[in-house]
Engineer: 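Got a structure for you, questions after.
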Amino acid sequence: MTTKSDRKSSRNDTKDDAVVRALLHRQRRTYPAQAGIRLRNTPAPLYQTLVLAVLLSARIRADVAVAAARALFDAGLRDPRSMADASWQERVDALGRGGYRRYDERTSTMLGKGAELLLERYGGDLRRLREEPDPKKALQDIPGIGPTGADIFLRDVQGVWPEFAPYIDRKALDGARRLGLPASPEKLGGLVADREMPRLADGLVHAALDKPLADEVLAAAGSA
């Protein structure tokens with residue numbers, strides 16, 4: 001026998017699915033993908049995702065951070081060795097070409113020091129950081145990576161480091177609440193396939209930062 005509670009739960013599940021479909025339709029690519037990163041569990045793309053996390057951590061628009069990451073990579077700064085070997089001015093110039101001017105000098109210094117630390121501690125291979133007792137805490141030893149940066153990085157690498165999935169940080173949970181979705185990483189993880197978790201998490205962050213987008217998603221879900 002179907003109870004009133006069962007019917008309500010079914011309606012909620014249908015609504016949540018519609019909202020998630022509408023959100024993913026608009027968040028077709030993760031932030032790393034937008035920056036040209038083909039994320040795999042190999043040293044270079046993991047490092048590039050870390051660089052993007054540093055840039056996204058500042059109080060600057062996400063599209064500017066993505067553009068700055070692309071500019072750094074286009075300049076050949078795609079791994080810790082090339083980043084460490086570049087001059088401070090080369091990093092500043094690349095950041096400037098990406099429009100990342102407000103924080104360019106400070107960020108250039110952090111990227112240089114962070115690359116040197118990664119080379120010294122992990123041989124430039126972030127997969128070794130994964131073996132730390134507390135990888136999230138270890139991430140925060142890297143210049144430019146605080147709690148927010150660690151969240152950004154782990155949010156996007158959960159597809160290749162599945163032990164962290166479902167990784168839904170506080171900003172993503174803000175987006176879930178705005179969209180009327182469950183404010184639970186486990187329940188949100190149940191709404192998509194594992195491979196879609198990074199895109200869902202980034203989409204939720206986008207919704208948290210962009211109310212018109214959230215309203216558009218809800219309107220689309222309501223008419224589906």
Engineer: Under the 3.5 angstrom rule, does the side chain of Glu120 hit a backbone N or O of Leu117 as a donor-acceptor pair?
Structural biologist: no
Engineer: At what distance, to the nearest 0.5 angstrom, does CG of Asp210 lie from CZ of Arg178?
Structural biologist: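 Answer rounded to 0.5 Å: 8.0 Å.
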Engineer: Just verifying a value: how many Å separate Gln48 CD and Arg70 CZ, rounded to the nearest 0.5 Å?
Structural biologist: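 Reported value, rounded in 0.5 Å steps: 11.0 Å.
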Engineer: Charged N to carboxylate O under 4.0 angstrom, Asp215 versus Lys211?
Structural biologist: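 Yes, Asp215 and Lys211 are salt-bridged.
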Engineer: Is the shortest side-chain N to carboxylate O distance from Glu163 to Arg130 below 4.0 Å?
Structural biologist: yes
Engineer: Please go through Leu179's hydrophobic cluster and name the other residues, only I, L, V, M, F, W, Y counting, with side-chain heavy atoms under 4.5 Å joining them.
Structural biologist: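 Taking Ile, Leu, Val, Met, Phe, Trp and Tyr as members, Leu179 shares its hydrophobic cluster with Val19, Val20, Leu23, Leu24, Ile168, Leu173, Leu181, Leu188, Leu191, Val192, Met197, Leu200, Leu204, Leu213, Val217, Leu218.
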Engineer: Does the pair Arg199/Asp202 count as a salt bridge with the N-to-O cut at 4.0 Å?
Structural biologist: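 No, Arg199 and Asp202 are not salt-bridged.
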Engineer: Would you call Asp125-Arg127 a salt bridge at under 4.0 Å N-O?
Structural biologist: yes
Engineer: So how far is it from Arg106 CZ to Leu111 CG, rounded to the nearest 0.5 Å?
Structural biologist: 11.0 Å
Engineer: Are Val92 and Ile60 linked, directly or through other ILVMFWY residues, by side chains that come within less than 4.5 angstrom of each other?
Structural biologist: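 Result: no, two separate clusters.
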Engineer: Let me check something: do Leu119 and Tyr47 share a hydrophobic cluster, defined by ILVMFWY side-chain heavy atoms less than 4.5 Å apart, either directly or through other members?
Structural biologist: no
Engineer: Using the ring of each side chain (for Trp, its six-membered ring), is Trp161 parallel, tilted or perpendicular to Phe153, with breaks at 30° and 60°?
Structural biologist: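 Perpendicular: the ring planes of Trp161 and Phe153 meet at over 60°.
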Engineer: For a quick test of your reading: what N or O donor-acceptor pairs under 3.5 Å do the side chains of residues 140-149 make, sequence neighbours left out?
Structural biologist:
{"from": "Gln140", "atom 1": "NE2", "to": "Lys136", "atom 2": "O", "distance (Å)": "3.3"}
{"from": "Asp141", "atom 1": "OD2", "to": "Arg121", "atom 2": "NH1", "distance (Å)": "3.0"}

Engineer: Angle between ring planes, Tyr100 versus Tyr103, binned at 30° and 60°: parallel, tilted or perpendicular?
Structural biologist: tilted
Engineer: List the steps and the verdict of salt bridge (Lys or Arg N to Asp or Glu O under 4.0 Å) for Asp174 and Arg177.
Structural biologist: CA-CA 5 Å; Asp174 288 344; Arg177 294 186 187 96; 3.3 Å; yes
Engineer: Looking at CZ of Phe164 and CG of Leu154, how far apart are the two atoms once the value is rounded to the nearest 0.5 Å?
Structural biologist: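 Going from CZ on Phe164 over to CG on Leu154, the span is 5.0 Å.
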Engineer: Give a yes or no on whether a salt bridge exists between Lys171 and Asp169, defined as a side-chain N under 4.0 angstrom from a carboxylate O.
Structural biologist: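 No.
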Engineer: Test salt bridge (Lys or Arg N to Asp or Glu O under 4.0 Å) on Asp85 and Arg81; report intermediate values, then the result.
Structural biologist: CA-CA 6 Å; Asp85 287 349; Arg81 173 53 63 196; 3.4 Å; yes
Engineer: Does Arg29 offer a backbone N or O that forms a donor-acceptor pair with the side chain of Gln34 under 3.5 Å?
Structural biologist: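 Yes, because the side chain of Gln34 sits within donor-acceptor range (under 3.5 Å) of the backbone of Arg29.
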Engineer: Take Tyr122 and Glu131 through the side chain to side chain donor-acceptor pair (under 3.5 Å) test and state the conclusion after the steps.
Structural biologist: CA-CA 10 Å; Tyr122 303 113; Glu131 299 167 2; over 6 Å; no
